[in-house]
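Heads up: the structure comes next, in structure tokens.
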Amino acid sequence: MSTIQPVRGTHDLIGEEQRRHAHVVGTAREIAGFYGFDEWSTPIFEDTRVFSRSLGDTSDVVSKEMYSFSDRDGESLTLRPEGTAAVCRALVTNALTQSLPQKVFYAGPMFRHERPQKGRYRQFHQIGAELIGAAEPLADAEAIALGHAVLKALGIADYVTLELNTLGDTQSRTAWRQALVDYFSAHKGTLSEDSLARLEKNPLRILDSKDAADRALVADAPMMAEFLTPEARAFWDELRQKLDMFGIAYTINPSIVRGLDYYNHTTFEFVTNRLGSQGTVLAGGRYDGLVKQMGGPDIPAIGWAAGVERLAMLLEDVAPAPRSVVIVPVGSPDEAAVCQILQALRAQGIRTEIGYKGSLRKRMERAGKQNASHVLFLGEEELVRGVFRVKVMESGEEREVSRDALCSEARSIFAS
RNA sequence: GCGGACGUAGCUCAGCUGGUAGAGCGCCGGUUUGUGGUACCGGUGGUCGCGGGUUCGAGCCCCGUCGUUCGCCCCA
């Protein structure tokens, strides 16, 4: 019988990989707390409309890349492809539109039916932050500062750069978009095939093209800055001031446009060159139109998300596997005494294990293999005297410790 | 969804112009149940990703398929 393989694009997190993930999520959670963000957990599947509405039904993302299925009642459900839409849904459902702003942190699995690549899986994990209900540039700066702080705490801020752009308000954006369409339409002959399609579907994305000829064209394309309304310009200026005040460095990259129409004003990406073509590590923007688009009131918001897999790959120092104190009986010590000491150590917060079988030699071998910090010998003879031998595995050094000491001050005994 | 590369033991790999699988490491056991890492001895290990085809004969050649990987598309 053949073994069953994991579903394409899914993988198991075990050992060091699990520790890397846990470290990313734990760190982000802690830093988000410093910024006053509370964690929300929303379901990993939703009514399909939560996502189709936020993304727009025409987007081929919806038809091609979502994990959608009918449940037994014929209702269309979707494994969440991202966090923002679900958070907006939860905001409305829980009537939190009445108590703004809401500062939300989330972490968990997401699902997209894509061709897997490095750091890009079908079930993957994201952390994210949403600051909902604040229209001021200070909010954008705070959200970005949080993202930066997370990367810094993970020790990867040094080789990640913040790229920043503005899409302006609706009016600015509409005018710019039209100018881009006009410009690129006049150069249809030199546009790549992909970009010709983008010209119809999403002209802004031509700015992101990797095609050499496209990039040459893009260099002379109309710039957003020329189309900013006075209000949008003021917002953009203030955002950069605030980032300066927060001490966060950035470079302006006019080609960061994000994919979807509900974005406005701020867009940003933290980018690294260490992950091949999948260089974006944490990205977000302002999405003032989204909550309304999902059937809620007109509420401004800004947020970002980051892929845990990619962050985990970038970590340089990984937490070592935890080490145990291993109890090794010698001879045939009283079993009740053995169990009692096991529990006494665990009750004091010491990671304590006991092997289940084997000769003394075998048990020592296993203790070594599992990288035990100490071995606690429970010798038949010593037990009678109320005494145990503790061996420090690294040095091999041994000493005698009384049962009373073990039961009351185990932490200091095993501190070294 | 599209294109390139790759799939031999748990891992890293070898396997000649086609003649029906090998090493190292690991794993398990042993060197008297009072001491691990070293050493020695022994053992477990593979439908060569899967299915078809060519052939007297396929790990090797051909086709398909699944998976991995690099890139494209997309990126919420």
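Across the protein-nucleic acid pair, A/Glu193 atom CD and B/C2 atom C1' stand 11 Å apart, rounded to whole Å. The interatomic distance linking A/Gln370 (CD) with B/G26 (P) rounds to 18 Å, in whole Å. Distance CD (A/Glu130) to P (B/A76): 13 Å, rounded to an integer number of Å. One interatomic measurement links the two molecules: CG of A/Asp12 to P of B/U68, which rounds to 12 Å at whole-angstrom precision. Put simply, CZ on A/Arg112 is 10 Å from P on B/C75, counting in whole angstrom units. Distance CE (A/Met66) to P (B/G1): 16 Å, rounded to an integer number of Å. Taking atom CG of residue A/Leu204 and atom P of nucleotide B/C74, one finds them 13 Å apart after rounding to whole Å. Nucleotide B/C75 holds its C1' atom 10 Å from the OH atom of A/Tyr263, rounded to whole Å.
Ranked by how close their nearest RNA chain B nucleotide is to the 5' end, A/Glu114 and A/Tyr121 are led by A/Tyr121.
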Per-nucleotide protein contact string for nucleotides 30-43 of chain B (B base, S sugar-phosphate only, - none; heavy atom under 4.0 Å): SB-BBBBB-B----
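Contact check of residues 77-84 of chain A against RNA chain B (heavy atom, cut-off under 4.0 Å) returns A/Pro81, A/Glu82.
Donor-acceptor pairing under 3.5 Å is lacking for the side chains of A/Tyr67 and A/Gln123. Side chain to side chain, A/Ser192 and A/Asp211 fail the donor-acceptor criterion of an N or O pair below 3.5 Å. Side-chain atoms of A/Ser185 and A/Asp182 include no donor-acceptor pair closer than 3.5 Å. Judged by distance alone, the side chains of A/Arg403 and A/Gln340 do bring a donor and an acceptor atom under 3.5 Å apart.
Here A/Glu16 pairs with A/Arg20 in a salt bridge; the nearest charged N to carboxylate O distance falls below 4.0 Å. At a threshold of 4.0 Å, the pair A/Arg323-A/Glu394 counts as salt-bridged, since one of the basic side-chain nitrogens sits closer than that to a carboxylate oxygen. The residues A/Glu365 and A/Lys362 are annotated as salt-bridged, a charged nitrogen and a carboxylate oxygen being separated by less than 4.0 angstrom.
Every residue meeting the ring-ring contact (aromatic ring centres under 6.0 Å, His included) condition with A/His374, not counting sequence neighbours, appears here in chain and number order: A/Phe414. Applying the side-chain contact (heavy atoms from CB on, under 4.5 Å) rule to A/Ser408 yields no partners; only residues at least two apart in sequence or on another chain are considered.
Distances shown here put a side-chain N or O of A/Arg205 below 4.0 Å from the OP1 or OP2 atom of B/A76.
Heavy-atom contacts from other residues, nucleotides or ligands closer than 6.0 Å to CZ of A/Phe45 number 12 or fewer.
Paired runs in RNA chain B that reach 3 or more consecutive Watson-Crick or G-U pairs, where each pair keeps both distances under 3.5 Å, cover B:1-7 with B:66-72, B:10-13 with B:22-25, B:27-31 with B:39-43, B:49-53 with B:61-65.
Ring planes of A/Phe268 and A/Phe270: perpendicular class, angle over 60° (limits at 30 and 60°).
Across B/C48 and B/G59, the matching P atoms stand 7 Å from one another, rounded to whole Å. Comparing the P positions of B/G45 and B/G22 gives a spacing of 13 Å, expressed to the nearest Å. On the C1' atoms, B/A9 is 11 Å away from B/C27, given to the nearest whole Å. Taking atom C1' in both B/C25 and B/G71, one finds a spacing of 34 Å when rounded to whole Å. Here the separation of B/U68 from B/G36, taken at their C1' atoms, is 38 Å to the nearest Å.
Among the heavy atoms of the strands, none lies under 4.0 Å from A/Phe111. Within 4.0 Å of A/Gly307, counting heavy atoms only, lies no atom of the nucleic acid at all.
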List every contact pair, protein side and nucleotides 3-11 of chain B side both N or O, where the distance is under 3.5 Å.
| unit_1 | atom_1 | unit_2 | atom_2 | d |
| --- | --- | --- | --- | --- |
| B/G3 | O6 | A/Arg115 | NH2 | 3.4 |

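Screening A/Met313, A/His21, A/Met110 against A/Val308 for a side-chain contact (heavy atoms from CB on, under 4.5 Å) leaves a single residue, A/His21.
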